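As the structure is a computational prediction, the values presented were derived from the model and not from experiment. Indexing begins at 1, ligand by ligand and atom by atom, following the structure's order.
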Amino acid sequence: MVKVGIVGGTGYTGVELLRLLAQHPQAEVAVITSRSEAGVKVADMYPNLRGHYDNLAFSVPDAATLGACDVVFFATPHGVAHALAGELLAAGTRVIDLSADFRLQDAEEWAKWYGQPHGAPALLPEAVYGLPEVNREAIKGARLIAVPGCYPTAAQLGFIPLLEAGLADTHQLIADCKSGVSGAGRGAKVGSLFCEAGESMMAYSVKGHRHLPEISQGLRRAAGGPVGLTFVPHLTPMIRGIHATLYANVVDKGVDLQSLFEKRYANEPFVDVMPAGSHPETRSVRGANVCRIAVHRPQGGDLVVVLSVIDNLVKGASGQAVQNLNIMFGLDERLGLSHAALLP
Ligand SMILES: NC(=O)c1ccc[n+]([C@@H]2O[C@H](COP(=O)([O-])OP(=O)(O)OC[C@H]3O[C@@H](n4cnc5c(N)ncnc54)[C@H](OP(=O)(O)O)[C@@H]3O)[C@@H](O)[C@H]2O)c1
């Protein structure tokens, strides 16, 4: 049994970790933290977990208790893992961070986008970007994982086959992405209120969103050189889901794109390339650790349109985090993650 700690257990990604790990045969949650709900039993706060964690209660984060775990997930705002990860790694505990703390390899770029100095630049060289479809071998030996963001997961998985094959004009890539409201976390904010977010849709952060440098970093790696990316996120009136509509001009119209995508992901347990002409729906991945992708070339022109959907809380966060745990500990990658999506 892998002994698991979770820092930030009351948030949406924290409770999603609990839901997924409840079905995991080789992992056991030993510690779960919340400063605001310390002492409260997990199942009293989240009744969907009754019968699974009846003796587990939230506690205040404590490095010694967390350091007795085999692995600790950080499901916290940025900056928290910076402060604690070093101490846990020194105690021999592995760290899987769901926040953005270790996703950007450049500490100065991180400071620019997050408005504060990077809190643990010395750990960056060993941080592995936890996108298994790209970094599986590095994840196997890693002590510190940076779980990709939700928009970055949907966008990178959609663009990567084109870029790795050298087929896309890298000067102008466009990621037009929509997210459900749970992407903003559980904290109270006016913009997340039902009356504000319901029956409406809006773009935000068009001049620059924090996920832009992360997506660009991954696309540069896939392309082997610089990329020009326009990323426009939107808030949509649904609870879970990311829908990414990705545009790229292809430099060779003769390539069978359907077959290219099918081959790239043939051995990936959590990427589903749908039949040609498909339109994946966010509800087809709700609650499941799956990215469904369809590739189109409208009217046979130069412009390729890739549609990529994930559940932001599962393949976009906690499911991907559990996938990383499985790979790090030499377990079957699908443990705890093999259930189908909820539909309707
Ligand atoms: N929501 C998504 O779809 C999504 C997707 C991918 C990645 N992420 C990332 O995952 C992280 C968590 O997101 P979330 O949506 O689950 O957030 P959330 O709903 O706002 O929850 C944050 C959690 O962190 C704890 N926390 C806050 N400040 C802390 C501190 N200084 N020290 C220790 N614990 C602290 C909170 O509990 P207490 O305050 O009670 O301690 C709470 O349990 C964020 O970095 C987010 O960017 C989120």
Within ligand 1, which atoms have a heavy atom of [X] less than 4.0 Å away?
| X | answer |
| --- | --- |
| Arg103 | 7 (C) |
| Pro77 | 24 (O), 26 (N), 27 (C), 28 (N), 45 (O) |
| Gly185 | 15 (O), 19 (O) |
| Arg186 | 18 (P), 19 (O), 20 (O) |
| Ala317 | 5 (C), 6 (C) |
| Leu313 | 1 (N), 2 (C), 3 (O) |
| Gly183 | 1 (N), 2 (C), 3 (O) |
| Ser34 | 38 (P), 40 (O), 41 (O) |

Does some side-chain heavy atom of Leu229 sit less than 4.5 Å from a side-chain heavy atom of Gln172?
no
Do Thr245 and Val305 have side chains that approach each other closer than 4.5 Å (heavy atoms only, starting at C-beta)?
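When only atoms from C-beta onward are counted, Val305 and Thr245 do touch, with a gap below 4.5 Å.
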Look up atom 25 (C) of ligand 1 and tell me if a protein heavy atom lies less than 4.0 Å from it?
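Under the 4.0 Å cut-off, atom 25 (C) of ligand 1 does have protein heavy-atom neighbours.
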Atom 21 (O) of ligand 1 protein-contacted (non-hydrogen atom, under 4.0 angstrom):
yes
N or O pair under 3.5 Å between [X] and ligand 1:
| X | value |
| --- | --- |
| Glu37 | no |
| Ser99 | no |
| Gly316 | no |
| Thr10 | yes |

Option set Glu16, Arg240, Gln320, Arg35, criterion heavy-atom distance to atom 33 (C) of ligand 1, minimum:
Arg35
Candidates Thr76, Val15, Val7, Val60; heavy atom nearest atom 11 (C) of ligand 1 found on Thr76
Do the ring centers of Trp113 and His78 come within less than 6.0 Å of each other?
no
Centroid-centroid distance, His296 to His279, less than 6.0 Å:
yes
What protein heavy atom sits nearest [atom], and how far off is it?
| atom | result |
| --- | --- |
| atom 32 (N) of ligand 1 | Val80 CG1, 3.7 Å |
| atom 1 (N) of ligand 1 | Ser182 O, 3.0 Å |
| atom 3 (O) of ligand 1 | Asn312 ND2, 2.8 Å |
| atom 8 (N) of ligand 1 | Leu98 O, 4.0 Å |
| atom 23 (C) of ligand 1 | Ala75 O, 3.4 Å |

Consider side-chain contact (heavy atoms from CB on, under 4.5 Å). Of Val290, Thr282, Asp272, which one does Val309 pass it with?
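It is Thr282, the one option of Val290, Thr282, Asp272 that forms the side-chain contact (heavy atoms from CB on, under 4.5 Å) with Val309.
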Is the closest heavy atom of His211 to ligand 1 under 4.0 Å?
no
Is the CG atom of Asn267 crowded by more than 12 outside heavy atoms at less than 6.0 Å?
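Incorrect, the count does not exceed 12.
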Shortest non-hydrogen contact from Ile327 toward Arg136:
CG2-O, 3.9 Å
Run the salt-bridge test on Lys140 and Glu137 with the 4.0 Å N-O cut-off and return the result as yes or no.
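Salt bridge flag = yes for Glu137 with Lys140.
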For Glu214 and Tyr129, which I'm curious about, is there any donor-acceptor pair between the side chains at under 3.5 Å?
yes
Whether the Gln320 and Thr153 side chains hold a donor-acceptor pair (N or O, under 3.5 Å, no angle test) is what I'd like checked.
yes
Go through it in stages, so that I can follow the logic: the residues are Asn289 and Gln323, the test is side chain to side chain donor-acceptor pair (under 3.5 Å), and I'd like the CA-CA distance, side-chain angles, deciding distance and then a yes or no.
CA-CA 9 Å; Asn289 192 52; Gln323 193 180 347; 3.1 Å; yes
Run the side chain to side chain donor-acceptor pair (under 3.5 Å) test on Asn312 and Ser182 for me, step by step, so that the C-alpha distance in whole Å, both residues' side-chain angles and the decisive distance to 0.1 Å come before the verdict.
CA-CA 8 Å; Asn312 54 295; Ser182 65; 3.0 Å; yes
Distance under 6.0 Å and angle within 45° of ring axis: Arg240 vs Tyr12:
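Judged by the rule, Arg240 and Tyr12 form no cation-pi pair.
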With a 4.0 Å heavy-atom cut-off (strictly under), which part of Thr13 contacts ligand 1: side chain, backbone, both or neither?
both
Kindly assign one of parallel, tilted or perpendicular to the pair His209 and Tyr151, based on the angle between their ring planes and the thresholds 30° and 60°.
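Geometry flag for Tyr151 against His209: perpendicular rings.
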